[in-house]
Amino acid sequence: MLSDTALLLCDLQNDFIHPDGAYGRAGQGAAEIAAIPARLKPLADKVREKGGWIASTHFTLFTGKQGEPFIDPHLRHLRPFLKKGDFVQGSWGHAVVEELAPSDLPVEKVGYDAFYQTRLEWILRKAGVRKLLVAGIVTNGGVSSTVRGAHVREFDVTVLEDACAAFSREVHETAIAALRPVAKISTVAAELAKLQ
């Protein structure tokens, strides 16, 4: 049984990955990112079958009056295409991509580190999770920050390097190399083999 293990899906949301999502509509995709859900699905299914948890982080644009999103200036500069309706809590775009749904432990976040000002640590502890298999996007942003956050909270962390991606291969590889001191690095196939 994997009751102490969670597959943590970092920001694998429709608004990031689906062609009809916020990034897809803006032409801001990458083949490596688009390939993650299909590659990861067999492991997600096996984790569920063996009694493990599926946890997910959801980048969220909280809204103010008239539904206008609160967008940090640095993000507005980097992603000027983000608009009203994108990444709204409870919306289709905010949800985990269909191939990997449902999530047992979904957590909204507003920054890179999914532990920062969220209930992630609390919910993982309540579920009895000690081990995290981490997948998602982007390797150099939310994934790296969340992995470091998990490490300092003494979770046993394994990063699935072929189930993470950035907008360039070089950036992804640099981020993976930088995570080696704080996490184990593995692949979907290697983790699946351990569960057979």
Side-chain angles (χ1 to χ4, degrees), residues 7-44 54-103 106-114 116 118 133-149 159-179 185 187-188:
L7 174 59
L8 179 60
L9 310 176
C10 293
D11 302 349
L12 294 176
Q13 299 164 256
N14 289 315
D15 265 339
F16 277 126
I17 296 178
H18 195 281
D20 295 332
Y23 276 57
R25 291 189 314 268
Q28 297 291 309
E32 295 84 4
I33 291 172
I36 291 172
R39 183 178 303 125
L40 190 55
K41 184 174 176 15
L43 181 59
I54 304 298
S56 58
T57 68
H58 299 253
F59 175 70
T60 306
L61 290 176
F62 289 96
T63 57
K65 294 180 179 179
Q66 288 82 46
E68 288 301 321
F70 295 123
I71 301 177
D72 287 336
H74 85 279
L75 184 60
R76 170 115 21 233
H77 175 74
L78 290 172
R79 307 290 184 243
F81 58 84
L82 291 176
K83 62 179 179 40
K84 184 176 181 177
D86 293 340
F87 295 99
V88 173
Q89 195 174 19
S91 70
W92 171 85
H94 191 256
V96 169
V97 292
E98 186 177 332
E99 298 96 320
L100 299 173
S103 172
V107 175
E108 306 82 19
K109 69 184 189 87
V110 295
Y112 293 122
D113 179 356
Y116 177 68
T118 74
L133 301 173
V134 181
I137 59 172
V138 289
T139 318
N140 57 305
V143 172
S144 292
S145 298
T146 299
V147 166
R148 287 185 177 89
V159 177
L160 303 170
E161 68 177 318
D162 61 342
C164 295
F167 285 98
S168 86
R169 184 78 189 152
E170 181 182 358
V171 169
H172 167 76
E173 289 172 357
T174 299
I176 290 293
L179 289 173
I185 308 298
T187 64
V188 170

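The first residue in the sequence is number 1, and the count goes up from there.
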Minimum heavy-atom distance [X]-[Y], with the two atoms named:
X: Gly85; Y: Ser91; value: O-OG, 4.5 Å
X: Ala34; Y: Pro37; value: O-CD, 3.4 Å
X: Ser145; Y: Tyr112; value: OG-CB, 3.5 Å
X: Ser103; Y: Val96; value: CB-CG2, 4.3 Å
X: Phe16; Y: Ile137; value: CB-CD1, 3.6 Å
X: Asp11; Y: Phe59; value: OD1-N, 3.6 Å

Output the distance between atom [atom1] ([X]) and atom [atom2] ([Y]), rounded to the nearest 0.5 Å.
X: Phe87; Y: Leu82; atom1: CZ; atom2: CG; answer: 6.0 Å
X: Thr139; Y: Leu179; atom1: OG1; atom2: CG; answer: 8.5 Å
X: Ile17; Y: Tyr23; atom1: CD1; atom2: OH; answer: 11.5 Å
X: Leu8; Y: Ile54; atom1: CG; atom2: CD1; answer: 10.0 Å
X: Ser144; Y: Ile176; atom1: OG; atom2: CD1; answer: 7.0 Å
X: His77; Y: Ile71; atom1: NE2; atom2: CD1; answer: 14.0 Å

* Side chains of Gln89 and Glu108: closer than 4.5 Å at any heavy-atom pair? -> yes
* Flag the pair Phe62 / Val110 as yes when at least one side-chain heavy-atom distance between them is below 4.5 Å, and no otherwise. => yes
* To do: Flag yes if more than 12 heavy atoms outside His74 fall under 6.0 Å of its NE2 atom; otherwise flag no.
  => yes
* Asked: More than 12 non-hydrogen atoms from neighbouring residues, nucleotides or ligands closer than 6.0 Å to CD on Glu98, yes or no?
  -> no
Main-chain N/O of [Y] paired to [X] side chain as donor or acceptor, under 3.5 Å:
X: His18; Y: Asp20; answer: yes
X: Lys84; Y: Gln66; answer: yes
X: Gln13; Y: His94; answer: yes
X: Asn14; Y: Trp92; answer: yes
X: Thr146; Y: Ala114; answer: yes

* **Intermediate values then yes/no, side chain to side chain contact (heavy atoms under 4.5 Å, CB included), Leu100 and Leu40** => CA-CA 8 Å; Leu100 299 173; Leu40 190 55; 4.0 Å; yes
* **Contact list for residues 133-148, test salt bridge (Lys or Arg N to Asp or Glu O under 4.0 Å), sequence neighbours left out** => none
* **Contact list for residues 22-32, test salt bridge (Lys or Arg N to Asp or Glu O under 4.0 Å), sequence neighbours left out** => Arg25-Asp86
* Sequence neighbours excluded, which residues qualify as ring-ring contact (aromatic ring centres under 6.0 Å, His included) partners of His172? -> none
* To do: Show the numbers, then the answer: is there a side chain to side chain contact (heavy atoms under 4.5 Å, CB included) between Phe81 and Gln28?
  => CA-CA 10 Å; Phe81 58 84; Gln28 297 291 309; 3.4 Å; yes
* To do: List the steps and the verdict of side-chain hydrogen bond (donor to acceptor under 3.5 Å, both in side chains) for Asp162 and Thr187.
  => CA-CA 6 Å; Asp162 61 342; Thr187 64; 4.7 Å; no
* Stepwise, does the side chain to side chain contact (heavy atoms under 4.5 Å, CB included) test hold for Cys164 with Val159? -> CA-CA 8 Å; Cys164 295; Val159 177; 4.0 Å; yes
* Would you check, one step at a time, whether the test side chain to side chain contact (heavy atoms under 4.5 Å, CB included) holds for Val138 with Phe167? => CA-CA 7 Å; Val138 289; Phe167 285 98; 3.8 Å; yes
